[in-house]
Amino acid sequence: MPRGKSDLNPALAEAYARLVRNNRQVSVRTLREEAGVSTEAARQWLKTNRPDPAAPTPPLEELRPAFDTLWAAAWSAARDECRSQHAAVLHAHEVSEADALEKSIRLTADLEDYKRHVTELQHELSRTNEELQRTRAAATAEYRELSARAQKAEHSEAAERERARNAEKGAASAEATANTLKRLLDEREIRIDAQ
């Protein structure tokens, strides 16, 4: 966006002052380059504002009282402006520090709440682990007891089956003996009858 004429005047004046202060020749080209403006703007400003070489040297001693007053007023205004800016910056830092402190207090309180909550959860976890250990121990004991009962029942059943097999064998043996005796008796009777 191009700058207006009033925007260019301070930039051109500052550029002119820098050129003079650095003992550089002031021309349209050097002023244009120093101020960063168009050739026409630099030419027009120099035409209007360049000191006339025929003008006499300023009467410094006569101007000194007025200049001292202007200088003191400018220095005082600059000091007041600096103090005002410093006070604004200081106030901004104080507000920022107060906000940071408040946030820090809030975060510290939150951290304490989280620590309390973590401690409660750790206690709850510990209680749950203890309960789990008790439940596991009870389940293991019950499993062992049931296993022992099942094993005992299995042994009992096996012993019962063995007794039943032995009884069947005994009955079969007794029957075989009885049959053998009966046959022998029958044979003996037949022999006795035959005599």
How long is the gap from [atom1] on [X] to [atom2] on [Y], to the nearest 0.5 Å?
| X | Y | atom1 | atom2 | result |
| --- | --- | --- | --- | --- |
| Lys115 | Thr108 | NZ | OG1 | 9.0 Å |
| His91 | His86 | NE2 | NE2 | 13.5 Å |
| Tyr16 | Glu34 | OH | CD | 13.0 Å |
| Glu124 | Asn129 | CD | CG | 10.5 Å |
| Leu146 | Gln151 | CG | CD | 12.5 Å |
| Arg127 | His123 | CZ | NE2 | 7.5 Å |

Taking only residues two or more places apart in sequence or in another chain, which ones pass side-chain contact (heavy atoms from CB on, under 4.5 Å) with Ser156? none
Verdict with reasoning, Arg116 to Glu120, per salt bridge (charged side-chain N to carboxylate O under 4.0 Å, His left out): CA-CA 6 Å; Arg116 252 190 318 278; Glu120 288 170 6; 5.7 Å; no
Can any side-chain N or O of [X] pair as donor or acceptor with the backbone N or O of [Y] at less than 3.5 Å?
| X | Y | value |
| --- | --- | --- |
| Ser84 | Asp80 | no |
| Thr140 | Arg136 | yes |
| Thr177 | Ser173 | yes |
| Ser96 | Ala92 | no |

Heavy-atom pair of closest approach, residues [X] and [Y]:
| X | Y | result |
| --- | --- | --- |
| Leu31 | Ala15 | CD1-CB, 3.8 Å |
| Val26 | Leu46 | CG1-CD2, 3.8 Å |
| Arg32 | Val37 | CG-O, 2.8 Å |

Quick test of your reading of the model: are [X] and [Y] salt-bridged, counting only N-O distances below 4.0 Å?
| X | Y | result |
| --- | --- | --- |
| Arg29 | Glu33 | yes |
| Arg163 | Glu160 | yes |
| Glu168 | Arg165 | no |
| Glu157 | Arg161 | yes |
| Glu145 | Arg149 | yes |
| Glu61 | Arg64 | no |

For the pair Leu125 and Leu121, evaluate side chain to side chain contact (heavy atoms under 4.5 Å, CB included) and give the outcome as yes or no after the intermediate values. CA-CA 6 Å; Leu125 179 61; Leu121 289 175; over 6 Å; no
Take atom [atom1] in [X]; do more than 12 heavy atoms of anything else shown fall under 6.0 Å from it?
| X | atom1 | result |
| --- | --- | --- |
| Glu97 | CD | no |
| Glu154 | CD | no |
| Glu131 | CD | no |
| Gln25 | CD | no |
| Glu142 | CD | no |

Under a 4.5 Å cut-off applied to non-hydrogen side-chain atoms, are Pro65 and Thr69 in contact? no
So do the side chains of Thr48 and Gln44 get within less than 4.5 Å of each other, counting heavy atoms only? yes
